[in-house]
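The structure is given below, and queries will be raised subsequently.
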Amino acid sequence: MRKTSASVPLPVSGAHADFQSYSADRTLGSETSSLRPAVCQVVGYKNSGKTTLICELIRLLKAKGCSVAVIKHDVHGFETDRPGTDTWRQREAGAGAVAITGNEQSFIFESRSRELEELIKAFMHYDYVLVEGFKEESYPKIVLLRNEADLELSSRLSGVTASAIWGELPEVIAEYLPPGQRWFGINDTSEIAEFLWRERIFFQNFNI
């Protein structure tokens with residue numbers, strides 16, 4: 001991995017505080033960044049491995065004692081309910097929103113889209129919010145690059161903090177990244193999780 005600073009400036013003080021200090025800060029701190037989740041977008045073109053990387057990051061961050069929420073952008077439409085259920089029938093009857101909750105899980109169905117900022121507000125009590133997609137939003141991003149044709153993402157999108165590069169020789173593509181931008185191999189999931197962990201205050205400071 002290239003040992004350089006991120007393309008978006010990272011904070012110098014406090015970014016490497018240990019977990020115990022961080023946990024205490026979230027409990028005792030003021031209504032500032034200490035109470036905000038760290039937000040990181042994972043973006044890339046279709047089949048670039050976004051979901052796979054996020055699932056690995058969830059596992060690794062949870063192993064550090066962190067709670068993780070995920071927001072996914074789906075431009076193709078989706079359906080999470082199924083015909084015949086009570087909630088499906090209620091929605092078919094015209095309800096604009098239906099909530100269902102049980103002993104271990106809850107779900108809210110709404111007949112409208114939401115802005116990313118609004119969705120993040122709903123997850124303020126989590127340590128991390130990982131966002132799949134929403135390329136044009138301005139939160140810190142890890143861009144997944146499969147080949148040289150994808151390089152335009154690393155320079156065109158705002159908030160790019162690091163790139164995760166496919167291939168056996170990622171350093172070949174890394175040479176074409178904007179100066180100073182961090183990069184990882186696509187399979188360096190432990191290093192990427194450690195990056196999110198060490199720089200979590202930086203990722204908090206971009207939150208709403």
Side-chain angles (χ1 to χ4, degrees), residues 1-6 8 10-29 32-44 47-74 102-107 116 119-134 137 139-146 159-168 170 174 181-208:
M1 186 182 71
R2 181 184 296 170
K3 304 298 183 181
T4 61
S5 59
V8 180
L10 296 172
V12 175
S13 61
H16 301 282
D18 60 38
F19 177 64
Q20 289 182 342
S21 297
Y22 172 62
S23 298
D25 191 36
R26 287 181 65 88
T27 302
L28 301 174
T32 59
S33 63
S34 63
L35 298 179
R36 298 172 175 176
V39 178
C40 180
Q41 295 181 244
V42 177
V43 302
N47 296 325
S48 59
K50 298 184 294 293
T51 300
T52 299
L53 175 58
I54 285 175
C55 287
E56 281 297 302
L57 293 176
I58 294 169
R59 180 181 63 81
L60 292 165
L61 291 171
K62 282 180 66 67
K64 292 181 177 292
C66 298
S67 59
V68 183
V70 175
I71 299 170
K72 178 180 173 65
H73 189 215
D74 189 339
N103 293 332
E104 296 182 355
Q105 59 184 345
S106 299
F107 214 99
L116 178 56
L119 292 169
I120 292 172
K121 284 182 178 179
F123 293 141
M124 292 293 283
H125 57 290
Y126 285 84
D127 295 311
Y128 285 86
V129 176
L130 303 180
V131 179
E132 180 175 337
F134 291 93
E137 294 288 343
Y139 294 93
K141 296 176 181 64
I142 296 175
V143 176
L144 276 58
L145 306 177
R146 299 164 300 181
V160 176
T161 304
S163 294
I165 304 172
W166 283 79
E168 296 181 359
Q181 187 177 114
R182 291 177 185 258
W183 64 270
F184 305 87
I186 191 65
N187 295 317
D188 295 337
T189 52
S190 294
E191 292 185 37
I192 297 172
E194 190 67 21
F195 171 62
L196 294 177
W197 168 254
R198 289 180 176 174
E199 308 295 351
R200 60 193 176 275
I201 293 177
F202 165 74
F203 288 97
Q204 283 177 298
N205 287 339
F206 277 80
N207 194 17
I208 51 179

Applying salt bridge (Lys or Arg N to Asp or Glu O under 4.0 Å), can you list everything that pairs with E56, at least two apart in sequence or on another chain? R59
With rounding to the nearest 0.5 Å, note down the distance linking CG in N47 to CH2 in W166.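 Atom-to-atom, N47:CG and W166:CH2 are 9.0 Å apart.
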Should F195 and T161 be marked as a side chain to side chain contact (heavy atoms under 4.5 Å, CB included) after you check the CA-CA gap, both sets of side-chain angles, and the distance that decides it? CA-CA 10 Å; F195 171 62; T161 304; 3.5 Å; yes
Do the ring centers of F134 and Y139 come within less than 6.0 Å of each other? no
K72: salt bridge (Lys or Arg N to Asp or Glu O under 4.0 Å) partners, not counting sequence neighbours: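 K72 satisfies salt bridge (Lys or Arg N to Asp or Glu O under 4.0 Å) with E132 only.
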Considering all heavy atoms of both residues, which atom of R36 and which atom of Q204 are nearest to each other, and what is their separation? O-NE2, 2.8 Å
Taking all non-hydrogen atoms of both residues, which atom of V129 and which atom of P37 are closest, and how far apart?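 Looks like CG2-CB, 3.8 Å.
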If every non-hydrogen atom of E137 is compared with every non-hydrogen atom of L116, which pair is closest and at what distance?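 E137 and L116 have their closest heavy atoms at CG-CD2, 3.6 Å.
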Closest heavy-atom pair and its distance - A162, Q181: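 Distance-wise, the nearest heavy atoms are C-OE1, 4.2 Å.
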If you compare all heavy atoms of I192 against all heavy atoms of A164, which two are closest, and at what distance to 0.1 Å?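 Shortest heavy-atom separation between I192 and A164 comes out as CD1-CB, 4.3 Å.
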Give, for atom CZ of R200 and atom NZ of K64, the distance between the pair rounded to the nearest 0.5 Å. 9.0 Å
Only one of L53, I71, V68 clears side-chain contact (heavy atoms from CB on, under 4.5 Å) with L130; which? V68
Identify, with sequence neighbours excluded, every residue that meets side-chain contact (heavy atoms from CB on, under 4.5 Å) alongside L60.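 For L60 the side-chain contact (heavy atoms from CB on, under 4.5 Å) partners, ignoring immediate neighbours, are T189, S190, A193.
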Shortest non-hydrogen contact from C40 to L196?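 Nearest heavy atoms, C40 then L196: SG-CD2, 3.9 Å.
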Does the side chain of Q41 reach to within under 4.5 Å of the side chain of K50, using non-hydrogen atoms?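 No. Closest side-chain heavy atoms not under 4.5 Å.
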Reported OG-to-CD1 distance for the pair S48 and I165, which is rounded to 0.5 angstrom: 13.0 Å
Would the distance check show the side chain of S67 and the main-chain N or O of D127 forming a donor-acceptor pair, the cut-off being under 3.5 Å?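 Checking the backbone N and O of D127 against the side chain of S67, a donor-acceptor pair under 3.5 Å is found.
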With rounding to the nearest 0.5 Å, note down the distance linking CG in L144 to OG1 in T52.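 These two atoms lie 9.5 Å from each other.
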